[in-house]
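Each remark here refers to the structure printed beneath this line.
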Amino acid sequence: MSTQIPPQIQNQLAQLQQVQQQAQSLAMQKSQMESMQKESEMALEELDKVPEDAVIYRTVGELQIKSSKEEAVSKLNEKVETLSLRLQSISRQEERISKRFTQLQEQIEQSMGNQAQ
């Protein structure tokens, strides 16, 4: 029995490693999106406690801009909705990556089993 890994299995292992890196990247993105969404939801909760005529500033880039409570709530709701859609998209991508990972693992195991025979 040879100890050298055939090119086909090497290729599959490289693909497996690539899929694993994609999964890690998606997990990081998802974590960031969840954090941003939580911050926005907390800001909305705080805005609920503020009187309608309160002076509110919202961040736009590196600027603080005076805003009405209604406009600030509207912008935050849009942000939460956008983040929610992104999180759904990332979850679907994670699902596909997970299936691909499992598929590659099975292929490698099968190839290694055939190699041992």
Side-chain angles (χ1 to χ4, degrees):
M1 183 163 83
S2 171
T3 58
Q4 203 170 39
I5 299 173
Q8 178 189 354
I9 296 176
Q10 286 178 353
N11 184 28
Q12 289 172 331
L13 287 170
Q15 287 178 28
L16 187 69
Q17 193 173 27
Q18 198 173 35
V19 167
Q20 192 173 21
Q21 288 172 347
Q22 289 173 337
Q24 289 172 343
S25 174
L26 284 173
M28 284 178 32
Q29 287 177 33
K30 185 175 184 179
S31 176
Q32 289 172 335
M33 294 293 154
E34 287 170 340
S35 177
M36 290 168 64
Q37 186 178 34
K38 187 165 183 73
E39 283 179 20
S40 296
E41 288 170 348
M42 287 172 47
L44 279 169
E45 288 175 19
E46 289 302 314
L47 276 175
D48 271 348
K49 300 173 188 173
V50 174
E52 291 297 321
D53 61 346
V55 177
I56 296 172
Y57 293 90
R58 61 186 181 87
T59 303
V60 179
E62 295 195 17
L63 301 174
Q64 294 282 319
I65 296 178
K66 190 174 182 177
S67 175
S68 67
K69 178 180 177 179
E70 180 182 334
E71 183 181 13
V73 167
S74 173
K75 295 286 183 189
L76 279 171
N77 279 325
E78 284 177 27
K79 185 175 182 178
V80 167
E81 187 176 327
T82 299
L83 290 168
S84 177
L85 290 172
R86 286 183 184 168
L87 282 168
Q88 288 174 11
S89 174
I90 288 173
S91 291
R92 285 191 300 271
Q93 288 176 4
E94 280 182 322
E95 218 174 278
R96 284 192 300 269
I97 290 289
S98 177
K99 285 178 184 175
R100 179 68 178 139
F101 186 83
T102 303
Q103 182 184 43
L104 281 168
Q105 268 185 322
E106 289 170 359
Q107 287 175 358
I108 290 169
E109 287 171 9
Q110 185 179 21
S111 296
M112 295 293 278
N114 289 343
Q115 200 65 31
Q117 292 177 359

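Atoms OG and NZ, from Ser40 and Lys38 in turn, are 11.5 Å apart once rounded to the nearest 0.5 Å. Here the OG atom belonging to Ser25 is positioned 9.5 Å from the CD atom belonging to Gln21, to the nearest 0.5 angstrom. Separation of atoms CD1 (Ile5) and CG (Leu13) is listed at 6.0 Å; rounding is to 0.5 Å. Summarising the geometry, atom NZ belonging to Lys69 is positioned 9.5 Å from atom CG belonging to Asp53; distances are rounded to the nearest 0.5 Å.
Residues in residues 101-112 take part in no salt bridge (Lys or Arg N to Asp or Glu O under 4.0 Å) pair, two or more places apart or across chains. For residues 4-24, no pair satisfies salt bridge (Lys or Arg N to Asp or Glu O under 4.0 Å), with sequence neighbours left out.
For Gln12, the side-chain hydrogen bond (donor to acceptor under 3.5 Å, both in side chains) partners are Ser111, not counting sequence neighbours. Ala72 meets the side-chain contact (heavy atoms from CB on, under 4.5 Å) test with Leu47, Ile56, Ser67; sequence neighbours excluded. Taking Lys75 as the reference, nothing meets the salt bridge (charged side-chain N to carboxylate O under 4.0 Å, His left out) condition, with sequence neighbours excluded. A search for side-chain contact (heavy atoms from CB on, under 4.5 Å) contacts involving Pro7 returns nothing, not counting sequence neighbours. Residues that satisfy the side-chain hydrogen bond (donor to acceptor under 3.5 Å, both in side chains) test with Glu45, not counting sequence neighbours, are absent from this structure. Glu71 is linked by a salt bridge (charged side-chain N to carboxylate O under 4.0 Å, His left out) to Arg58, counting only residues two or more places apart in sequence or in another chain. Scanning for side-chain hydrogen bond (donor to acceptor under 3.5 Å, both in side chains) contacts around Lys49 gives Glu46, with sequence neighbours left out.
Residues Thr59 and Gly61 approach most closely at CG2-O, 3.3 Å, considering heavy atoms. Asn77 and Leu44 get closest at one heavy-atom pair: OD1-CD1, 3.3 Å.
Taking a 4.5 Å side-chain heavy-atom cut-off between Ile, Leu, Val, Met, Phe, Trp and Tyr, the cluster of Ile65 extends to Val60, Leu63.
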Which side-chain N or O atoms in residues 79-96 pair as donor and acceptor under 3.5 Å with protein atoms at least two apart or in another chain?
| from | atom 1 | to | atom 2 | distance (Å) |
| --- | --- | --- | --- | --- |
| Thr82 | OG1 | Glu78 | O | 2.9 |
| Ser91 | OG | Leu87 | O | 3.1 |
| Glu94 | OE1 | Lys30 | NZ | 3.2 |

Expected list for residues 98-105: side-chain donor-acceptor pairs under 3.5 angstrom, two or more places apart:
| from | atom 1 | to | atom 2 | distance (Å) |
| --- | --- | --- | --- | --- |
| Arg100 | NH1 | Gln103 | OE1 | 2.9 |
| Arg100 | NH2 | Gln15 | OE1 | 2.7 |
| Thr102 | OG1 | Ser98 | O | 3.0 |

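Shown here is Gln18, whose CD atom has no more than 12 heavy atoms of other residues, nucleotides or ligands within 6.0 Å.
Met42 and Val73 fall into different hydrophobic clusters, where Ile, Leu, Val, Met, Phe, Trp and Tyr residues are linked whenever their side-chain heavy atoms come under 4.5 Å apart, directly or through other members. Under the 4.5 Å side-chain heavy-atom criterion for ILVMFWY residues, a single connected hydrophobic cluster contains both Leu26 and Met36. Under the 4.5 Å side-chain contact rule for hydrophobic residues, Leu76 and Met33 do not share a cluster.
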